[in-house]
Structures are given as structure tokens and as C-alpha cells.
Amino acid sequence: MCDTGRMRQINRVMLRAALTAEEARFTNSHPRSLALFEQAKAHMLAGVPMNWMVRWVGRFPIFAAGGKGVHITDVDGHDYLDLCLGDTGAMTGHAPEAATHAIHERAAIGNTFMLPTEDALWVSTELARRFGLPYWQFALSATDANRFAIRLARAITKRPLICVFNWCYHGTVDETFITLQGGVPRPRPGNLGMPVNPALTTRVIEFNDIDALHAALAPGDVACVLAEPAMTNIGIVHPEPGYHDALRQITRRTGTLLVIDETHTMCCGVGGFTRAHALQPDMLTVGKAIASGMPAAAYGLSADIARRVTQLIMTDETDTSGIGGTLAGNALSLAVMRATLEHVLTDAAFAHTTALATRWVEGVRGVIQEFDLPWHVTQLGCRAEYWFIDHPPRNGGEAAARVDAELDRYMHLVALNRGILLTPFHNMALIGPDATEADIDWHTGMFREGVLALV
Ligand SMILES: Cc1ncc(COP(=O)(O)O)c(C=O)c1O
């Protein structure tokens with residue numbers, strides 16, 4: 001840990017002035033995006049097709065024109081190095097050839113039948129090989145995969161509650177929109193139109209707190225713990241040594257199922273964090289990039305869970321089970337999943353992107369050290385991130401308390417104005433397979449320029 005007392009602090013007056021200058025530069029250099037945004041307000045809420053898009057750092061989002069590999073272009077003709085990658089949906093890079101080819105081939109002979117295709121066999125076999133869970137089902141989004149896993153957990157354990165970590169994110173799953181506020185579980189700020197107070201459905205505890213885990217599961221009324229194996233949605237929070245062993249032991253001892261959400265942590269390699277660290281979940285969910293950004297997700301089950309679940313779905317009422325969907329497991333998404341797993345998200349791709357993420361971290365760390373800033377930078381496979389705190393946070397509560405919205409906004413705008421797209425809700429970079437060392441060094445230079453204006 002560093003001694004912040006002796007470290008250089010950001011000059012807030014300089015920050016505000018620099019932020020104003022960057023905002024003006026952004027607005028002036030994106031006239032076409034601005035014009036489209038103004039038009040879009042006529043028929044889309046807040047001028048965007050999906051509400052999160054208001055969260056980009058400029059006064060308006062850039063309108064994308066296209067993308068290839070790790071570069072995208074906007075309607076004003078700018079080219080960007082894309083380190084956001086559709087916030088993981090495009091971890092494969094944009095329009096990877098194998099996926100594009102599979103889309104064309106499959107679309108020409110039918111997208112959806114509500115019948116299995118042979119691709120489903122290949123994909124489920126490959127997912128079993130990668131993640132170590134023998135049985136698989138499919139959905140259209142990671143949110144749905146999590147929703148279905150939770151329902152199955154409740155159905156087979158006959159327990160009402162789930163347990164999640166403070167400041168987790170698992171998609172728009174009602175049960176998970178809960179945080180600890182002053183130690184009290186409350187609906188997460190922003191949680192709109194909740195069906196019930198999530199405190200009625202969910203226990204929420206801090207990550208890396210074994211005592212809290214004991215206490216939450218001891219009553220024996222929790223169906224499952226739903227966990228990212230390393231948190232990625234309130235910044236990256238790594239598990240402490242021994243935490244996963246404790247999580248597995250305590251869940252087993254209390255008859256609680258362990259559901260690992262690999263949607264983001266798939267950045268750790270072909271079998272995600274689970275394979276890299278030999279975890280043994282009862283269920284595993286994954287989505288977003290698994291079909292190169294086409295709507296697709298999957299959830300895996302251990303042999304024991306599969307045996308208990310199969311009895312429940314082999315009924316005449318399975319279509320009203322609350323699990324599944326008309327387009328889930330459709331032929332198109334399975335064809336693209338197959339192409340993605342076979343040709344894009346490969347061992348070789350992860351070796352390349354992980355090495356580049358290490359280079360990204362070394363570059364950023366060099367600047368942090370050069371300017372003696374109380375910040376730190378961390379890596380999770382091909383994902384990396386800097387945070388305005390001098391040591392890695394131990395849990396979501398600690399990370400959330402150190403969000404610096406003004407500084408976030410500034411660093412994102414500096415990047416955007418110099419042709420680099422970062423993930424909007426974090427200072428996070430995801431490295432796609434087509435990235436080069438020159439791309440990474442470009443980011444380091446931009447990062448240094450941004451810092452230089454503040455100190
Ligand atoms: C860990 C995790 N799980 C699930 C989801 C939900 O993904 P989707 O929005 O594609 O349903 C997200 C989205 O950010 C996520 O980060």
C-alpha cells in the first residue's frame with residue numbers, strides 16, 4: 001500500500017478547467033452525432049434506443065457507423081481504438097470473419113425453428129470441455145441465463161432467497177438490485193418499478209468477507225449464491241487467497257447452490273476464471289461475447305443439478321415454467337456461438353490479448369509512478385482498469401466509496417477526443433484479438449497527456 005500523505009494530489013481547479021475544454025472539443029468535433037441526437041429525441045426516450053446510452057461522457061453519444069476488429073468509426077468520420085468493445089459484447093472484436101460467415105450461412109437457411117440443430121451438440125460439448133460442467137441450456141442474454149439459474153436453484157432447493165455481493169451486477173435481474181447502505185440492505189439507487197423490495201428476496205454481503213458469508217447462509221433459507229468470481233462491475237475486485245475455497249465449502253455445507261456468472265470474467269481465458277482457478281460451481285452462466293455480440297447466452301449445470309432439474313422440465317407445463325423463451329437456443333445464435341468458440345475466442349487469442357493487457361497495465365502504472373499519483377491499476381485476463389484509490393479495493397462497498405465522477409468523466413473525454421473509447425461506467429479497457437502493441441502504447445501516451453494537464 002502507498003503512503004497517500006506524500007503522494008501528489010490532483011489539482012481540482014485545473015481538472016474543472018480541463019474538463020470544460022474537453023467538453024467543448026467533443027461537442028465541436030461531433031456535429032453530425034449532435035444533429036442525429038437532436039433528431040432522435042423526437043421518437044426515442046432521451047434520444048437513445050436504450051437508456052444506458054445517456055451515460056456516455058459527452059453531452060450526447062457518438063453515433064456509430066461501423067466497426068472492424070478493435071476499431072470503430074462514427075458518423076463524423078472519426079476512427080476510434082475501441083477498448084469498450086460494446087462493454088464486452090464485442091470482446092471478440094467487431095465483425096470477426098468466422099462469425100460474419102456463420103451469420104450469412106445460417107441466415108440463408110433459416111434462423112429459428114423451435115427445434116434443435118446440430119450446432120447445439122457441438123456448442124454444448126465445447127462448453128462442457130471449457131467450463132467443466134456437463135449439461136447446458138441456452139438463453140438470449142446473460143440476464144436471462146441468470147434469471148433461469150436462480151429459478152432452477154429455488155425450484156430444486158425449495159428455498160426462497162438468494163445471496164449476492166454488495167455492488168454486484170448480473171444484468172437486469174430484480175433480485176440483484178440491492179446494496180448495503182450504512183450496513184442496511186436497501187434497493188439499489190436507480191432501481192425503477194421493483195416488484196417487491198429486494199430485501200425480501202435477497203441477502204447482500206460484502207465480497208471477501210467470510211464471516212458475513214457464514215452468517216448469510218447459516219439459516220439454510222438461501223437457494224443460491226450468485227457470484228462473479230472476481231467482481232468486474234464496480235471496478236475489478238479480486239478474490240483474496242482462500243476466498244473461493246471458503247465460498248465453496250460454506251455453500252456445500254449449508255446446501256446452498258453456487259452459481260458463477262462468467263459473463264465478464266470470460267476475459268480470463270477459454271474457460272473463464274472458473275477453469276483458470278479450478279472452481280467447481282453447481283451452475284455457471286455466460287453471455288454477451290459468446291456469439292460475437294449476437295443475442296445469445298448459456299447456462300451450465302453439474303451432473304447432480306441436471307438430474308434434479310430434468311425431472312422438473314419433462315412436464316406438459318414446461319412452457320410456463322418461467323424458464324426459456326421462443327427464440328432461446330435458436331439456430332442462428334447457436335451457429336454463431338459455434339463459430340465464435342471454434343475460431344475467435346481461442347487459447348491463442350487469449351494469450352495475445354492477455355499479454356497486451358499486461359502491457360496496458362505496465363504503461364498506465366509507469367505514468368502513475370512518474371507523477372506519484374494515489375491511483376492503482378489492475379488486470380484480470382484481457383481486461384484492465386485504473387481506479388482513483390491507492391490500493392486495490394477489497395469489496396464493492398470500498399470500491400463504490402471511491403468513485404470520482406468528475407475525474408472519471410475527464411479521463412473518458414480525454415480518451416474519446418484522442419480517438420480511444422473506454423467502457424463508460426468504469427476506467428476499464430478490454431483488449432480485443434486484433435489489438436496491437438502500437439494500440440496499447442497509443443493509449444499510454446494519451447493517458448499521460450491527460451494526467452499532465454492535471455498536475
Ligand atoms: C457479470 C454480468 N452478468 C450479466 C450481465 C447481463 O448481461 P446482458 O445485459 O447482456 O443481459 C452483465 C452485464 O453487464 C454482467 O456484467
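Each ligand, and each atom within it, is numbered from 1 in the order the structure gives.
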Quiz prompt | Proximity of Tyr169 and Phe425 rings by center, below 6.0 Å | solution = no
Quiz item: Protein residues near ligand 1, heavy-atom distance below 4.0 Å?
Solution: Ser141, Ala142, Thr143, Asn146, Tyr169, His170, Gly171, Glu228, Asn233, Asp261, Thr263, His264, Lys288
Quiz item: Angle class for the His244/Phe207 ring planes (parallel below 30°, perpendicular above 60°, tilted otherwise)?
Solution: perpendicular
Exercise. Identify, with sequence neighbours excluded, every residue that meets side-chain contact (heavy atoms from CB on, under 4.5 Å) alongside Ala230.
Key: Pro239, Thr265, Phe273, Leu380
Exercise. Under the salt bridge (charged side-chain N to carboxylate O under 4.0 Å, His left out) rule, collect the residues that match up with Asp74, sequence neighbours excluded.
Key: none
Practice problem: Determine whether the aromatic ring centres of Phe131 and Tyr299 lie less than 6.0 Å apart. | Solution: no
Quiz item: For Arg418, what residues pass the salt bridge (charged side-chain N to carboxylate O under 4.0 Å, His left out) criterion, not counting sequence neighbours?
Solution: Glu22, Glu449
